[in-house]
Colleague: 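Input: one structure, supplied below.
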There are 2 protein chains.
Amino acid sequence: MTPSHMHVPADCRTVTELLSRVGDKWSVQVVVQLGEGTKRFNELRRDVGGISQRMLTLTLRGLERDGLVTRTIYPTIPPRVEYRLTELGCSLLKTVRALGSWVIENRQQIMEARRRFDEAAGLVSRSDAA
Amino acid sequence: MTPSHMHVPADCRTVTELLSRVGDKWSVQVVVQLGEGTKRFNELRRDVGGISQRMLTLTLRGLERDGLVTRTIYPTIPPRVEYRLTELGCSLLKTVRALGSWVIENRQQIMEARRRFDEAAGLVSRSDAA
DNA sequence: CCGCATCCATTTTGATACTG
DNA sequence: CAGTATCAAAATGGATGCGG
C-alpha cells in the first residue's frame, strides 16, 4: 500500500472510522488487558485503572459489536460475566502491540520534543505578555 | 508522578496518552498525507478533506509539538508555510500504515460483525417493544 | 495566504443513584 | 457483581472575523 494509491475516498473514510474505534482512549487498554486472558467486568475495571463503570460498559459494547470481544454471561447469583478476545481481537492485539512498541521505543524522543516545544512556547508567551 | 518504582503502569499510561494523539481522527490522515512529501497548509487541507481550518491547525500543532512534523515558515508575501514529517514522523508512518492495513484486511469481518450485532439488538428491541 | 481567537452546537465523559 | 439511567461538566468540532 503505497501512499500514491491511498486516494480512494471510501476506503479512507472506513479506515479512519475504524481507527477511531481502535485508537480511542479505553479500547486499546481494554484490548491489551484482555490479551492476558479472560476477565470479568470488575477485574477489567481494576486492571485498566481510571475508567468509569459507564465507559467500560460502552467500550466493551463497542468492541463486542465489532466482533473483537465476546461476552459470556453465567446466570448465577451473583451474576458472572466474562469477556474475552475473539480471533479477530487477537489479531488486532498484535498490531496494537506493535504500535505500543513504537510508542515505548520513541516515547523519550516525543517527550523531549514536547518539552522543548512547550519551553519555546512559554518563552514566546512571556515576551509577548511583557 | 515519576515512575521510579512503578514500572508497568506508567508505561501503560504513556502509551495510552500517545495512542490518543496518534489515533485521533485527523492526525492519522495528516500523517498519511505528509507521507507523500512536504505540503503547504491549504494543500493539506484540500487533501485531507472535511477538516476545518481550526482542526488542521490544532492537529498540526500537536504533531509539531510531539516532534513528528516540522513547520517551516518562509517570511515572504504572501506567507508560505510548509509542513513535513520528521524522521520520527516517518517511522510512525510505517506503524500507522500497518494498522491501516489491518483495518483494510479485516474491515469486512468487522462490518459483518457490526451488522449482526445491530440486527440482534434490533430484534431484542422489537420483541421487547412488541 | 496563513492561522489565531472567539462564539456556539454537538459529542463525550464522569459521578451518582438505582435495579436484577 | 454487572449493568442502566440521568444529569452536569468537559472536550471537541465548526463558522466567522481579525491580524500578520
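This is a predicted model, so every value here is computed, not measured.
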Colleague: Taking only side-chain N and O atoms of Tyr83(A), does any of them lie within less than 4.0 angstrom of OP1 or OP2 on dC1(D)?
Modeller: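 False: Tyr83(A) side-chain N/O out of range (4.0 Å or more) of dC1(D) OP1/OP2.
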Colleague: Taking atom C1' of dG3(D) as reference, at what distance in whole Å does atom CE of Met55(A) sit?
Modeller: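 The answer, rounded to whole Å, is 14 Å.
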Colleague: Return the set of residues passing side-chain hydrogen bond (donor to acceptor under 3.5 Å, both in side chains) with Thr59(A) (not counting sequence neighbours), or none when no residue passes.
Modeller: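 So Thr59(A) forms no side-chain hydrogen bond (donor to acceptor under 3.5 Å, both in side chains) with any residue.
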Colleague: Using the test side-chain hydrogen bond (donor to acceptor under 3.5 Å, both in side chains), find all partners of Arg45(A) that sit at least two apart in sequence or belong to another chain.
Modeller: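 Counting only residues at least two positions away or on another chain, Arg45(A) forms no side-chain hydrogen bond (donor to acceptor under 3.5 Å, both in side chains).
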Colleague: Find every protein N or O atom lying less than 3.5 Å from an N or O atom of nucleotides 17-20 of chain D, and list the pairs.
Modeller:
none

Colleague: Reckon Gly50(A) touches a base, only the sugar-phosphate, or nothing at all at heavy-atom distances under 4.0 Å?
Modeller: nothing
Colleague: Please give the angle, rounded to 10 degrees, between the axes at the start and the end of the helix from dC1(C)-dG20(D) to dG20(C)-dC1(D), where five pairs define each axis.
Modeller: 40°
Colleague: Not counting sequence neighbours, which residues clear side-chain hydrogen bond (donor to acceptor under 3.5 Å, both in side chains) with Asp118(B)? List them please.
Modeller: Arg65(A)
Colleague: What residues in residues 56-63 of chain A put a non-hydrogen atom under 4.0 Å from any atom of DNA chain D?
Modeller: Thr57(A), Arg61(A)
Colleague: What residues form a side-chain hydrogen bond (donor to acceptor under 3.5 Å, both in side chains) with Arg114(A), not counting sequence neighbours?
Modeller: Glu17(B), Asp66(B)
Colleague: Report, one pair per line, the protein and nucleotides 7-10 of chain D atoms (nitrogen or oxygen only) whose separation is under 3.5 Å.
Modeller:
none

Colleague: Please list all pairs passing the salt bridge (charged side-chain N to carboxylate O under 4.0 Å, His left out) test where one or both residues lie in residues 73-83 of chain A, with sequence neighbours left out.
Modeller: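 As it turns out, the salt bridge (charged side-chain N to carboxylate O under 4.0 Å, His left out) pairs with a partner in residues 73-83 of chain A, which skip direct neighbours, are Arg80(A)-Glu82(A).
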Colleague: First contact, last contact: which nucleotides of DNA chain C are these for chain B, 5' to 3', heavy-atom distance under 4.0 Å?
Modeller: dC1(C) to dT6(C)
Colleague: Nearest whole Å is fine: how far is dA2(D) C1' from Glu64(A) CD?
Modeller: 14 Å
Colleague: Rounded to whole Å, please give me the gap between CD1 in Ile51(B) and C1' in dT12(D).
Modeller: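 So the two atoms are 13 Å apart, to the nearest Å.
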Colleague: Residues of residues 34-46 of chain A with any non-hydrogen atom less than 4.0 angstrom from an atom of DNA chain C: list those, numerically ordered, please.
Modeller: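 Those residues: none at all.
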Colleague: Among residues two or more places apart or on two chains, list those pairs meeting side chain to side chain donor-acceptor pair (under 3.5 Å) that have a residue in residues 90-106 of chain A.
Modeller: Ser91(A)-Trp102(B), Trp102(A)-Ser91(B)
